[in-house]
Amino acid sequence: MSEKNTNRNCRFVTAEAVRAGHPDKFCDQLADRLLDEHLRGDPDTRAAIEVMAAGGKILVAGEVTSKASVDVERVLKQLCAEVGYTMDELSTDGSLSLEVRLNSQSPDIAQAVGEGDKLGAGDQGIMVGYATDETPERMPLPVVLAQKLCRRLDESRIPWLKPDGKAQVTVLYQDDAPVAVSAVVVSVQHEKDAEIETIRREIKEITRKVIPEKYLRPGTRLLINPSGRFVLGGPAADTGLTGRKLAVDAYGPVAHIGGGSFSGKDSTKVDRTGAYAARWVAKSIVDAGLAKRCEVQLAYAIGRELPVSVEVATFGTGIVPDEVLCRAVRRTFDLRPAALIRELKLRCPMYAPLAVYGHFGRADINPPWEETGANETALLLAVLMNLKE
């Protein structure tokens with residue numbers, strides 16, 4: 001870049017996103033579509049669905065305890081049609097084998113978790129939520145830009161553009177504020193007769209529509225299909241697996257990564273519910289003006305209702321000490337799984353759209369954990385009460 005980085009508080013942050021046809025995201029979407037289908041028929045469904053896709057083989061495995069019956073092949077065909085693959089394109093020779101190995105939830109786990117208002121955590125685990133005021137989405141700028149770029153590519157419907165691909169955005173920060181995009185890397189699958197010059201020109205046009213002009217510099221590097229040819233893609237080219245894009249699903253490299261992935265899991269699994277709760281809390285703190293940046297960590301034990309730990313970190317941006325915020329969080333939020341499932345409406349079939357373009361900062365979906373208005377006043381009052389004590 002032409003901009004000189006003389007400030008000692010300069011740093012670069014890079015985030016990646018992947019398109020809907022990426023093999024791992026394809027698997028995440030299939031798992032969450034299957035979960036949604038079960039929830040439509042039975043809101044009390046317990047599920048932990050894993051999907052693996054590799055060269056003509058789709059394996060759907062894990063556990064499902066549900067009154068609903070779901071046609072896995074039908075859901076797979078619907079996903080292919082919406083992402084842009086034909087069933088034949090999931091392999092190199094047009095053959096496809098679908099294997100389903102779904103068992104019921106272990107009775108040992110079921111009795112430990114329980115039901116109703118006494119529902120305990122479905123497993124032990126550590127969950128992380130993060131928020132920052134640097135974007136309207138309360139998300140890190142490189143994450144927002146990478147996800148928007150992948151979405152725009154998927155929505156472009158360029159004739160030669162195939163469904164697989166990914167984007168990577170590097171942002172220069174000065175004094176913790178984003179000031180410029182230093183590099184953008186985009187790799188897209190394409191028809192075999194597409195010219196590389198055409199690919200780079202048209203993708204560069206899309207990129208410049210996504211990246212705000214104020215962040216572009218003369219030295220901003222745009223690397224489009226740096227490998228050159230990218231014809232074979234999706235599960236035919238590379239193995240896909242659920243839960244392998246944790247940073248893409250969350251906050252990139254900016255926040256810590258929790259212990260588990262989201263897709264395919266029902267709301268008794270705190271890997272999912274705890275992560276949504278931690279984001280809800282962190283975003284509420286930032287939206288209330290109590291901090292510019294906030295990370296919340298929750299930890300649970302299987303079968304227990306209350307988290308075994310709640311930690312708040314504001315990286316020196318909080319208007320009160322972190323320990324005061326932590327006490328205010330405990331006073332304001334009911335972090336028991338049953339309460340979170342109720343407040344965040346987590347038994348609803350809403351997960352498939354979240355399986356691509358990230359689970360947080362989604363203004364297009366506006367899931368309940370992004371709605372913080374009711375918490376802001378309560379948090380401020382809790383902080384005042386803690387300061388008086």
Glu202 and Thr198: side-chain hydrogen bond (donor to acceptor under 3.5 Å, both in side chains), yes or no, with the steps? CA-CA 6 Å; Glu202 295 194 32; Thr198 301; 5.5 Å; no
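- Ion pairing between a basic and an acidic side chain is recognised when a charged N comes within 4.0 Å of a carboxylate O; Glu73 and Lys77 show such pairing.
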Stepwise salt bridge (Lys or Arg N to Asp or Glu O under 4.0 Å) test for Asp154 and Arg151: CA-CA 5 Å; Asp154 286 343; Arg151 178 192 288 276; over 6 Å; no
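- For the atom pair Leu340 CG and Leu298 CG, the distance stands at 8.5 Å (nearest 0.5 Å).
- The OH atom of Tyr251 sits 6.0 Å away from atom CE of Met139, with the distance rounded to the nearest 0.5 Å.
- Rounded to the nearest 0.5 angstrom, Asp322 CG and Leu290 CG are separated by 11.0 Å.
- Within the 3.5 Å criterion, the main-chain N or O of His359 finds no donor-acceptor partner in the side chain of Asp249.
- In this structure, Asn9 contributes its side chain and Gln174 its backbone to no donor-acceptor pair below 3.5 Å.
- In this structure, the side chains of Glu137 and Gln147 stay at 4.5 Å or more apart for every pair of heavy atoms.
- Checking side-chain atoms of Arg200 against main-chain N and O of Asn225 turns up a donor-acceptor pair under 3.5 Å.
- Using a 4.5 Å heavy-atom threshold, the side chains of Ile257 and Val128 count as separate.
- To the nearest 0.5 Å, atoms OG1 (Thr372) and CG (Asp287) are separated by 3.5 Å.
- In the displayed structure, Gln124 atom CD is contacted under 6.0 Å by at most 12 heavy atoms of other residues, nucleotides or ligands.
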Between Arg362 and Glu370, is the salt bridge (Lys or Arg N to Asp or Glu O under 4.0 Å) condition met? List the steps. CA-CA 8 Å; Arg362 296 292 299 275; Glu370 298 294 322; over 6 Å; no
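- Here the side chain of Glu343 pairs no donor or acceptor atom with the backbone of Trp369 at under 3.5 angstrom.
- Under the 4.5 Å side-chain heavy-atom criterion for grouping Ile, Leu, Val, Met, Phe, Trp and Tyr, Leu145 is not connected to Val18 through any hydrophobic cluster.
- Tracing side-chain contacts under 4.5 Å through hydrophobic residues (I, L, V, M, F, W, Y), one never reaches Tyr215 starting from Val185; they form parts of separate clusters.
- In this structure a side-chain-to-backbone donor-acceptor pair under 3.5 Å is present from Gln29 to Lys25.
- Across Ile211 and Val181, no two heavy atoms sit closer than the pair CG2-CG2, 3.8 Å.
- Note that CG of Asp193 and CD of Glu195 are 8.0 Å apart. Values are rounded to the nearest 0.5 Å.
- Between Asp334 and Arg336, at least one side-chain N (NZ, or NE/NH1/NH2) sits under 4.0 Å from a carboxylate O, which counts as a salt bridge.
- A single hydrophobic cluster is seen to contain both Leu222 and Val169, as judged by linkage of ILVMFWY side chains at heavy-atom distances under 4.5 Å, directly or through other members.
- When all heavy atoms of Leu153 and Ser156 are compared, the pair lying nearest together is O-OG, 2.7 Å.
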Candidate pair Asp32 and Arg272, rule salt bridge (Lys or Arg N to Asp or Glu O under 4.0 Å), full reasoning: CA-CA 12 Å; Asp32 274 337; Arg272 169 166 246 155; 3.3 Å; yes
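- Two residues are said to be in side-chain contact when any heavy atoms from C-beta on lie closer than 4.5 Å; Ser309 and Gln297 fail this criterion.
- Residues Leu354 and Leu34 fall into different hydrophobic clusters, defined by Ile, Leu, Val, Met, Phe, Trp and Tyr side chains chained together at heavy-atom separations under 4.5 Å.
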Could you walk me through whether Val383 and Leu325 satisfy the side-chain contact (heavy atoms from CB on, under 4.5 Å) test, starting with their C-alpha distance in whole Å, then the side-chain angles of each, then the deciding distance to 0.1 Å, before giving a yes or no? CA-CA 6 Å; Val383 166; Leu325 283 174; 4.0 Å; yes
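- For Lys345 and Glu371, the salt-bridge test fails: no basic side-chain N is under 4.0 Å from an acidic carboxylate O.
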Pair Arg201, Glu197 - check salt bridge (Lys or Arg N to Asp or Glu O under 4.0 Å), show working. CA-CA 6 Å; Arg201 183 183 68 254; Glu197 293 81 8; over 6 Å; no
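- Side-chain atoms of Asp24 never come within 3.5 Å of backbone atoms of Lys245 as a donor-acceptor pair (strictly under, hydrogens ignored).
- A distance of 11.5 Å separates CZ of Arg46 from OG of Ser66, quoted to the nearest 0.5 Å.
- Distance alone, capped at 3.5 Å, is enough to place a donor-acceptor pair between the Arg19 side chain and the Lys162 backbone.
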Please table the atom pairs, donor to acceptor, closer than 3.5 Å between any side-chain atom in residues 50-62 and protein atoms at least two apart or in another chain.
| residue | atom | partner | partner atom | Å |
| --- | --- | --- | --- | --- |
| Glu50 | OE1 | Thr242 | OG1 | 2.4 |
| Lys57 | NZ | Glu99 | OE1 | 2.7 |

Taking it one step at a time, do Met87 and Leu76 satisfy side-chain contact (heavy atoms from CB on, under 4.5 Å)? CA-CA 9 Å; Met87 295 285 277; Leu76 173 61; 3.9 Å; yes
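- Judged purely by atom type and a 3.5 angstrom limit, Ser261 has no side-chain atom pairing as donor or acceptor with the backbone of Ser263.
- For residues 279-335, the pairs satisfying ring pair (Phe, Tyr, Trp, His ring centres under 6.0 Å) are Trp280-Phe333, with sequence neighbours left out.
- Between Pro142 and Thr14, the closest side-chain pair of non-hydrogen atoms is not below 4.5 Å.
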side-chain hydrogen bond (donor to acceptor under 3.5 Å, both in side chains) between Ser95 and Asp93: does it pass, once the steps are laid out? CA-CA 6 Å; Ser95 63; Asp93 61 4; 2.6 Å; yes
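- No side-chain heavy atom of Ile206 sits less than 4.5 Å from a side-chain heavy atom of Val186.
- Each of Asp176, Asp133, Thr314 was evaluated against Lys292; a single residue qualifies, Asp133, per the side chain to side chain donor-acceptor pair (under 3.5 Å) test.
- For the pair Ile285 and Arg293, the minimum side-chain heavy-atom distance is 4.5 Å or more.
- Ring planes of Tyr276 and Phe360: perpendicular class, angle over 60° (limits at 30 and 60°).
- Side-chain contact check for Val184 versus Leu149: some heavy-atom pair is nearer than 4.5 Å.
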Let me see the working for Thr273 and Thr268 under side-chain contact (heavy atoms from CB on, under 4.5 Å), right down to the final yes or no. CA-CA 7 Å; Thr273 299; Thr268 66; over 6 Å; no
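- Salt bridge status for Asp42 with Arg347: absent, with no side-chain N to carboxylate O gap under 4.0 Å.
- A donor-acceptor contact closer than 3.5 angstrom links the side chains of Tyr173 and Glu134.
- Screening Leu90, Asp164, Leu96 for a side chain to side chain contact (heavy atoms under 4.5 Å, CB included) with Pro235, the sole residue that qualifies is Leu90.
- At distances below 3.5 Å, at least one donor-acceptor pair connects side-chain atoms of Gln189 with backbone N or O atoms of Val231.
- Residue-environment remark: CD1 (Ile126) stays at or below the threshold of 12 foreign heavy atoms within 6.0 Å.
- Other residues, nucleotides and ligands place more than 12 heavy atoms under 6.0 Å from the CZ atom of Arg74.
- Residues Ile319 and Val281 share a hydrophobic cluster, clusters being chains of Ile/Leu/Val/Met/Phe/Trp/Tyr side chains in contact below 4.5 Å.
- Annotation: side chain of Leu381 is not in contact with side chain of Arg331 (no heavy-atom distance under 4.5 Å).
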